[in-house]
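When a ligand or atom number is given, it counts from 1 through the structure's own listing order.
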Amino acid sequence: MSTTEAQERAAARGLPPELLARLASHYAPEVTDAVIAGYAAPRACTLRANTLKASPAQVAAELDAAGIAWRTPAFYADAFVTDAGSEPALRALDAYAQGKVYLQSLSAMLPPLALDPHPGENILDMAAAPGGKTCQMAALSGGKALITACEKNAVRAQKLRHNLEKQGVARCNVMECDARKLDEFFTFDKVLLDAPCSGSGTVSLAGGAYRGGFSDELLERSVKTQRALLRKAFETVRPGGIVVYATCSILPEENELLVESVLNPSKDELAAASRDGRRGGRRGRGKRRGGDGPRPVKPVNAEVVPLPDELLEGVPLLPCALEGAACVRPTELYEGFFVAALKRLS
Ligand code: SAM
């Protein structure tokens with residue numbers, strides 16, 4: 001496979017050959033080059049008005065008073081785009097100290113909007129820390145959704161609690177646990193799974209050399225966890241409820257192929273999921289009653305709910321084989337991201 005000049009420059013700056021090879025295998029050369037240009041571009045600093053504490057107009061007034069130029073993206077009136085390099089000035093604002101704003105990438109604002117939280121809804125955030133999307137869901141519901149935020153890593157769970165308090169989120173229960181092991185006792189109206197991933201969308205070469213940790217092994221591990229988490233998401237959401245699946249990856253292995261493999265698994269994938277279920281069950285609760293064979297995995301009955309056009313207005317997209325989902329292309333404004341809304345049918 002021949003490489004372009006842009007790909008050679010990225011390789012010289014340390015972009016792992018495994019990542020380059022995967023991008024080039026999924027996307028046309030000009031699309032891969034556009035991704036690399038996005039990795040290399042200094043990224044704008046973006047933030048969200050925390051409407052639990054301040055209106056967008058109040059935040060705009062504070063930005064104006066501090067002399068920080070801003071604009072709003074078409075898809076979201078609560079979001080602000082400021083120049084690359086303005087982060088120190090943003091962190092110095094009173095609004096920042098008081099939790100009236102949250103620094104968040106534009107792409108990361110899409111999954112909570114796709115989930116569309118409403119007052120009174122019982123919502124699970126399966127992989128929540130540091131909590132940008134938990135806080136956004138709370139704000140979108142006017143502080144009236146009942147949110148359970150799950151996080152496996154103790155240090156990150158502490159950061160999550162800190163952010164929830166700073167942002168004034170009251171109706172949120174933090175569970176420090178592995179979401180794959182959530183009890184079947186729990187049922188939610190909506191589930192957000194912002195899954196741990198290879199980070200192939202958030203690569204930045206703007207500051208010089210590549211500093212991420214992409215490897216084929218990380219990708220393989222991520223896919224395995226993502227599949228188990230997404231299956232669990234469908235076990236915990238009620239029939240008719242919505243699961244929003246998101247990653248900050250632009251690799252189909254972690255995105256549309258992963259969703260496909262959960263919605264329409266091959267015989268091999270079903271057998272593998274059953275084996276994984278058996279291993280998880282043995283670690284968690286000792287031997288399963290009624291034998292030691294693979295725990296049969298129930299088929300998932302769900303369909304994609306197409307993302308609304310307004311949500312993707314002005315958002316740069318990569319080709320995506322799952323109709324109705326979106327894969328955001330990294331640019332100077334956006335990180336690479338994947339979002340799909342899925343409805344459990346029965
Ligand atoms: N949603 C977060 C936000 O908007 O701030 C970002 C989430 S980050 C992409 C993924 C998180 O999932 C990490 O904090 C990681 O520690 C956590 N995680 C990984 N595996 C998990 C598991 N099995 N159960 C719960 N949390 C997990």
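Using modelled atom types, one finds no donor on one side chain facing an acceptor on the other under 3.5 Å when comparing Asp125 with Thr148. A donor-acceptor pair shorter than 3.5 Å cannot be found between the side chains of Asp83 and Trp70. In summary, the side chains of Ser200 and Ser249 do present a donor paired with an acceptor at a separation below 3.5 Å, with no hydrogens or angles considered. A donor-acceptor pair shorter than 3.5 Å cannot be found between the side chains of Ser107 and Glu335. If you check the side chains of Arg43 and Ser204, you find no donor sitting under 3.5 Å from an acceptor.
Residue Leu229 places no N or O, backbone or side chain, under 3.5 Å from any N or O of ligand 1. Remark: ligand 1 and Tyr102 share no N or O pair separated by less than 3.5 Å (distance only, no angle test). Backbone and side-chain nitrogen or oxygen atoms of Cys150 are examined, and none is located within less than 3.5 angstrom of a nitrogen or oxygen of ligand 1. Note: an N/O pair closer than 3.5 Å links Gly132 and ligand 1 by distance alone. Every N/O-N/O distance between Ala195 and ligand 1 stays at or above 3.5 Å. Any N or O atom pair closer than 3.5 Å counts here, and Asn153 shares no such pair with ligand 1.
Taking every heavy atom of Met126 and a limit of under 4.0 angstrom, the matching atoms of ligand 1 come to 25 (C), 26 (N). Of all atoms in ligand 1, numbered sequentially from 1 with element shown, those under 4.0 Å from a heavy atom of Ala179 are 22 (C), 23 (N), 24 (N), 25 (C). Using a 4.0 Å cut-off to heavy atoms of Pro196, the atoms of ligand 1 that qualify are 19 (C), 20 (N). Close contacts between ligand 1 and Pro130 involve ligand atoms 5 (O) [criterion: under 4.0 Å to a heavy atom]. Taking every non-hydrogen atom of Arg180 and a distance limit under 4.0 Å, the qualifying atoms of ligand 1 come out as 23 (N). Close approach of ligand 1 to Asp178 is summarised as follows: ligand atoms under 4.0 Å from at least one heavy atom of the residue are 22 (C), 23 (N), 24 (N).
Remark: side-chain polar atoms of His26 are not paired, donor with acceptor, to backbone N or O of Ala24 under 3.5 angstrom. Judged purely by atom type and a 3.5 angstrom limit, Glu254 uses its side chain to pair as donor or acceptor with the backbone of Ser198. The main-chain N or O of Gly99 is found under 3.5 Å from a side-chain atom of Asn50 such that the two form a donor-acceptor pair.
Between Glu253 and Arg22, at least one side-chain nitrogen of the basic residue sits less than 4.0 Å from a carboxylate oxygen of the acidic one, meeting the salt-bridge criterion.
Within the structure, ligand 1 has Cys177 among the residues with a heavy atom less than 4.0 angstrom away. Heavy atoms of Gln136 come nearer than 4.0 angstrom to ligand 1 in no pair at all. Under a 4.0 Å heavy-atom criterion, Gly131 is in contact with ligand 1.
In terms of protein heavy atoms, atom 16 (O) of ligand 1 is closest to Glu151 OE2, 2.6 Å. For atom 6 (C) of ligand 1, the nearest non-hydrogen atom of the protein is Ala129 O, 3.1 Å. The protein heavy atom nearest to atom 10 (C) of ligand 1 is Asp194 O, 3.8 Å. Atom 12 (O) of ligand 1 has its closest protein heavy atom at Ala127 CB, 3.1 Å. Closest to atom 26 (N) of ligand 1, if we only count protein heavy atoms, is Lys152 N, 3.3 Å. The protein atom (non-hydrogen) at minimum distance from atom 4 (O) of ligand 1 is Lys133 NZ, 2.9 Å.
Contacts between Ala128 and ligand 1 below 4.0 angstrom, taking non-hydrogen atoms only, involve the backbone exclusively. Contact annotation: for Arg156 versus ligand 1, heavy atoms closer than 4.0 Å belong to the side chain alone.
Here OG1 of Thr46 is found 11.5 Å from CZ of Phe80. Values are rounded to the nearest 0.5 Å. The distance from the CE atom of Met109 to the OH atom of Tyr76 is 7.0 Å, given to the nearest 0.5 Å. For the atom pair Lys232 NZ and Arg180 CZ, the distance stands at 11.0 Å (nearest 0.5 Å).
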Glu217 and Arg221: CA distance, side-chain angles, deciding distance, salt bridge (Lys or Arg N to Asp or Glu O under 4.0 Å) verdict = CA-CA 6 Å; Glu217 193 272 329; Arg221 213 164 2 105; 3.0 Å; yes
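Stacking of Lys133 on the aromatic ring of Tyr102 is not recorded, the 6.0 Å distance cut-off and the 45° axial limit not both being met.
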